[in-house]
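In what follows, chains are A, B, ... by sequence order, proteins preceding strands, each numbered from 1.
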Amino acid sequence: MKENLTNIIDEIIKGMLKDAGVNEEVTFSLVIPEKEEHGDFACNAAMQLVKHLKKNPKIIAEDIINKLNEKLKLDCTIAGPGFINIKIDVSWYAETVMNIINNEKYFHNNIGGGKKAMVEFVSANPTGPLHIGHGRGAAYGDSVARLLEMSGYDVLREYYVNDAGNQMNNLALSVYARAAEILGKGSEVPFPEAGYHGDYIIDIAKELLTTHANILEIDRKEALEICLGKAVQTIQADIDNDLKEFRVTFHNYFSEKSLYKNKLVESTLKELEKSGKVFEQDGALWLKTTDMGDDKDRVLRKSTGEYTYFTPDIAYHQNKYDRGFEYLIDILGADHHGYIKRMQCALECLNHKTESFKATLIQMVNLIQNGEKISMSTRSGEFIPLSWLINEVGVDAARFFYNMRSHDAQFDFDIDLAKSKSNDNPVYYIQYAHARVNSLIENANEKGIDYKQGQGLEKAIGSEEIKLIKNMVKLKYVIELSAQYLEPHKVSYHLQELAASFHSYYYNNKILNNEDVDTTCGRLTICEAVAVTIKQGLDILGVSAPKRM
RNA sequence: GCCUCUGUAGCUCAGUUGGAUAGAGCGACGGAUUCCUAAUCCGCAGGUCACAGGUUCAAUUCCUGUCAGGGGCACCA
């Protein structure tokens, strides 16, 4: 319906511009207004035309309405500075309700047009368990992927495993040193300065000693290799476990090592050189990113001959393009801030369109308990693990809370609120609305009401029902916007609104009524549509929709 | 110093990417349960949209500057 109207108005406008001899594109919006008295749809086209037609917007609006009425019988009024408010017939609402229930893809859209998109997220180094910062990235990334899937993108979720480089040496050394400590020879093997201090390293060392008690006696290089293997295997398994519990899945894990194995770093470097932006200075190899707006040039290969982390990362992104992806999304921690610009520069050098690469920064998470911040720091080993949070508040609350706020704002996660099983907690508020519908239907059966879906629907639709249905329809557009701007928190906000209007409707209207089966069926059908809508929305957020609470 | 995010009700935050009288939750205050789940609902109070300019039919939204807070800055990853 909205698409239909948009197209028709678009044609009318084009005609008007043509008549006036103006050769320009004019965009306008057609929205479902917040306020009931503003009609079912509102259009700002008249105001957009003011500049080009040089007429009073109200006169233009009248003109548009006349032309609109030639094609469709609609109830249009002019309001405010020149808005056109349009009222729709009840039958459209009835159709919509049935559509929501029966058409699984009602809330889908096709802004992706089948494009191959990759969402790369979490990508935590296998040097320690996931912490609450990763949790936010995981919840966000997973929901973004789901949004894109609903929006006609062909989505692949990928986890980039940094299993090469210096941090791996540190990890191996950390385990080695802890093993030595356990064996009482800690003084012979000092703990590395940049080592990992968390207790999990000690656990890994203990576990290692059960199979390799002689670790200190074998060749050091070989021993470190064993330590590393054990550590990565254990930690990655832990990470996978946490993610699984958090309902986050990946299609692919991409190993940094494989880049070297397949000589992708070298070949990418060669490609980069073709751009003419690569130069040598002080024995190191640089990329002239300042030519493209970066504030300093970046090193590709250190004077020691080693690559910086930057170069394999470029190769990795090149590889994404090579695999046929047309839309790359990186979800990164806020500390990667400087990284985005230089990656954009590098990809520009490789002749990729800037709009094909989007990097989103996830801002920090503070945990609040008893009104106070719990601090976290990876370096000191005092981070708060994601698994702890999940245990504490549950997956539903954790995932919902993470996506309750915009990703680019720092977020205070109130543990007490997330845990509370009360009306303060927005997760339960929404889930409760879903459960209520289910109990209504069960009660109808018990009361012996012969519920036929769709029966009496038009009869049941009054102004309160219309408000509810509008809120359902709106989710479709919220999803489209959320996908476009990668902002799943819009969905969580809208679900709260929808739940609120349902609770209010429920309280103010007796839905089950043996005396009037028609209206009862109609209302139940609408309620069912509400449940479907809420479930679709919760799915995006990775939150369950219980039938009973 | 440079980059970046943020500044909206007492608190935590939305605000459909420039639209109509700026919204919600919590908190405060006052109400609703012989009736489908009170994990609910209804009412009321609460605002210089940090500040100053600019762009235009229209600015909380875009631009410039100022102030305040968070995060970042490497031949680290």
Side-chain angles (χ1 to χ4, degrees), chain A residues 29 31-35 37-38 42 44 46-48 50-51 56-57 79-83 85 125 127 162 164-168 170 194 281-286 294-296 298-304 306-310 312-313 333-341 361 363-364 366 368 404-406 408-412 414 417 420-433 435-436 438-444 446-447 474 477-478 480-482 484-485 487 489-490 492-494 496-497 499-500 502-513 520 524 527 548-549:
Chain A
S29 67
V31 297
I32 301 175
E34 291 307 321
K35 301 208 163 111
E37 62 266 30
H38 293 154
N44 68 348
M47 277 110 82
Q48 301 294 335
V50 169
K51 208 187 297 174
N56 186 315
F83 287 99
N85 295 336
N125 298 346
T127 53
N162 286 109
N166 226 344
Q167 56 201 339
M168 288 297 110
N170 281 325
Q281 190 182 311
D282 307 329
L285 202 63
W286 298 68
D294 201 2
D295 47 0
K296 52 188 83 162
R298 305 293 168 177
V299 174
L300 293 166
R301 196 175 55 212
K302 301 184 231 177
S303 52
T304 58
E306 288 175 303
Y307 293 113
T308 61
Y309 73 97
F310 184 37
D313 269 7
D335 53 334
H336 285 68
H337 157 350
Y339 169 95
I340 297 176
K341 187 75 209 170
L361 292 179
Q363 292 295 330
M364 258 181 58
N366 294 309
I368 308 289
M404 210 162 59
R405 299 278 176 259
S406 168
D408 55 13
Q410 285 158 53
F411 171 46
D412 290 336
D414 186 334
L417 177 60
S420 78
K421 298 204 167 183
S422 74
N423 45 353
D424 309 353
N425 192 331
V427 189
Y428 293 108
Y429 185 81
I430 296 166
Q431 289 181 322
Y432 185 42
R436 257 188 166 166
N438 190 61
S439 97
L440 275 171
I441 290 168
E442 280 179 5
N443 279 324
E446 268 171 41
K447 281 191 169 187
K474 207 171 155 194
Y477 302 107
V478 169
E480 198 175 312
L481 270 173
S482 303
Q484 197 176 343
Y485 295 104
E487 292 180 341
H489 74 277
K490 287 182 193 302
S492 76
Y493 264 90
H494 185 65
Q496 289 181 71
E497 226 176 283
F502 175 71
H503 284 310
S504 171
Y505 177 71
Y506 173 90
Y507 202 87
N508 293 316
N509 296 281
K510 179 112 173 99
I511 291 162
L512 302 180
N513 179 2
T520 299
L524 273 175
C527 292
R548 200 177 301 230
M549 291 175 74

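- The distance between atom CG of A/Asp335 and atom P of B/C73, rounded to the nearest whole Å, is 8 Å.
- A distance of about 15 Å separates the C1' atoms of B/G47 and B/A14, rounded to the whole Å.
- Closest approach of A/Ala499 and A/Ala433 over heavy atoms only: CB-CB, 4.1 Å.
- A/Asp313 approaches A/Tyr339 most closely through the heavy-atom pair OD2-OH, 3.0 Å.
- When the nucleotides B/C76, B/C36, B/C41 are ranked by their closest atom to the side chain of A/Asn443, B/C36 comes out on top.
- Rounded to whole Å, the separation between the C1' atoms of B/U6 and B/U61 comes to 15 Å.
- Between the CD1 atom of A/Ile340 and the P atom of B/C73 there is a distance of 13 Å, given to the nearest Å.
- Between A/Leu361 and A/Ala42, the residue anchored nearer the 5' end of RNA chain B, judged by the nucleotide with its closest heavy atom, is A/Leu361.
- A/Lys302 has a side-chain polar atom (N or O) that falls below the 4.0 Å cut-off from OP1 or OP2 of B/C76.
- Contacts of A/Glu487 classified as salt bridge (charged side-chain N to carboxylate O under 4.0 Å, His left out), with partners at least two apart in sequence or in another chain: A/Lys490.
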Sugar-phosphate or base contact per nucleotide [nucleotides 27-33 of chain B; S, B, -; heavy atom under 4.0 Å]: -----B-
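- A distance of about 36 Å separates the C1' atoms of B/C76 and B/G65, rounded to the whole Å.
- Contacts of A/Ala435 with the nucleic acid, taken as non-hydrogen atoms under 4.0 Å apart, include base atoms.
- Residues A/Cys527 and A/Ile511 approach most closely at SG-CD1, 3.8 Å, considering heavy atoms.
- Between A/Ser504 and B/C42, a side-chain N or O to OP1/OP2 separation shorter than 4.0 Å is present.
- With B/C41, B/G19, B/A77 as the choices, the nucleotide that has an atom nearest any side-chain atom of A/Asn166 turns out to be B/A77.
- When the side chain to side chain donor-acceptor pair (under 3.5 Å) test is applied to A/Asp295, the partners found at least two apart in sequence or on another chain are A/Arg298.
- The two residues A/Pro57 and A/Val50 come nearest to each other via the heavy atoms CB-CG2, 3.6 Å.
- Heavy atoms of A/Asp313 sit nowhere under 4.0 angstrom from any nucleic acid atom.
- Classification of the A/Tyr505-A/Phe502 ring pair by plane angle, with boundaries at 30° and 60°, yields tilted.
- Within 4.0 Å (heavy atoms only), A/Phe310 reaches no atom of the nucleic acid at all.
- Positionally, the nearest nucleotide of RNA chain B for A/Tyr506 lies more toward the 5' end than for the other of A/Tyr506 and A/His336.
- Looking at heavy atoms from C-beta onward, A/Glu442 lies in side-chain contact with A/Arg548 at the 4.5 angstrom threshold.
- The ring-ring contact (aromatic ring centres under 6.0 Å, His included) search around A/His503 returns A/Tyr429, A/Tyr432, not counting sequence neighbours.
- Using a 4.0 Å heavy-atom cutoff across all strands shown, A/Glu480 reaches no nucleic acid atom at all.
- With rounding to whole Å, A/Met364 atom CE is found 6 Å from B/G71 atom P.
- Rounded to the nearest Å, the gap between the P atom of B/C29 and that of B/G23 is 25 Å.
- With C1' as the reference atom, B/G71 and B/A32 are 48 Å apart, rounded to whole Å.
- With B/C73, B/C2, B/G71 as the candidates, the nucleotide lying closest to the side chain of A/Asp295 is B/C2.
- Atom pair A/Asn513:CG and B/C36:C1' shows a separation of 11 Å (rounding to whole Å applied).
- The base of B/A77 is paired with the side chain of A/Tyr309 by a donor and an acceptor separated by under 3.5 Å.
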What's the verdict on side-chain hydrogen bond (donor to acceptor under 3.5 Å, both in side chains) for A/Tyr309 and A/Asn162, showing C-alpha distance, side-chain angles and the deciding distance? CA-CA 10 Å; A/Tyr309 73 97; A/Asn162 286 109; over 6 Å; no
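- Contacts of A/Asn509 with the nucleic acid, taken as non-hydrogen atoms under 4.0 Å apart, include base atoms.
- As judged by a 4.0 angstrom heavy-atom cut-off over every strand, A/Ser303 is placed among the base-contacting residues.
- The gap from the C1' atom of B/G7 to that of B/G43 amounts to 32 Å, rounded to the nearest Å.
- In this structure, of B/C3, B/C75, B/A74, it is B/A74 that holds the atom nearest to the side chain of A/Lys296.
- For RNA chain B, each stem of at least three Watson-Crick or G-U pairs (distances under 3.5 Å) is given as range with range: B:1-7 with B:67-73, B:10-13 with B:23-26, B:29-32 with B:40-43, B:50-54 with B:62-66.
- Residues A/Tyr493 and A/Glu497 have side chains not in contact (no heavy-atom distance under 4.5 Å, counting atoms from C-beta outward).
- Taking both residues in full, the closest heavy atoms of A/Pro312 and A/Thr308 are given as CD-O, 2.9 Å, listed atom of the first, atom of the second, then distance.
- Put simply, CZ on A/Phe502 is 17 Å from C1' on B/C42, counting in whole angstrom units.
- Atom OH in A/Tyr428 sits about 17 Å away from atom C1' in B/A38, given to the nearest Å.
- The base of B/C3 sits with one of its N or O atoms less than 3.5 Å from a complementary donor or acceptor on the side chain of A/His337.
- For the pair A/Tyr429 and B/C26, the criterion of a side-chain N or O lying under 4.0 Å from OP1 or OP2 is not met.
- Among all heavy-atom pairs drawn from A/Pro33 and A/Ala42, the shortest one is CG-CB, 3.7 Å.
- Put simply, CD1 on A/Ile511 is 13 Å from P on B/C41, counting in whole angstrom units.
- Counting distance only, with no hydrogens placed and no angle test, the side-chain atoms of A/Asn44 and the base atoms of B/A20 include no donor-acceptor pair under 3.5 Å.
- The shortest distance between side-chain heavy atoms of A/His38 and A/Phe83 does not fall below 4.5 Å.
- Across all strands, A/Arg298 comes closer than 4.0 Å only to sugar-phosphate atoms, never to a base (heavy-atom distances).
- Distance A/Tyr339 OH to B/C5 P: 19 Å, rounded to the nearest Å.
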Which letter, B, S or -, goes with each nucleotide of nucleotides 6-15 of chain B from 5' to 3', with contact meaning a protein heavy atom under 4.0 Å? S-----SSSS
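- Using a 4.0 Å heavy-atom distance criterion, A/Asn85 is classed as a base contact.
- OP1 and OP2 of B/A39 both lie 4.0 Å or more from every side-chain N or O belonging to A/Arg436.
- Checking B/C35, B/G19, B/C75 against every side-chain atom of A/Gln48, the shortest atom distance belongs to B/G19.
- B/G19 sits 10 Å from B/C62 when the P atoms are compared, rounded to a whole Å.
- In this structure, A/Arg436 forms a cation-pi arrangement with A/Tyr506, its terminal cationic atom sitting closer than 6.0 Å to the ring centre and no more than 45° off the ring axis.
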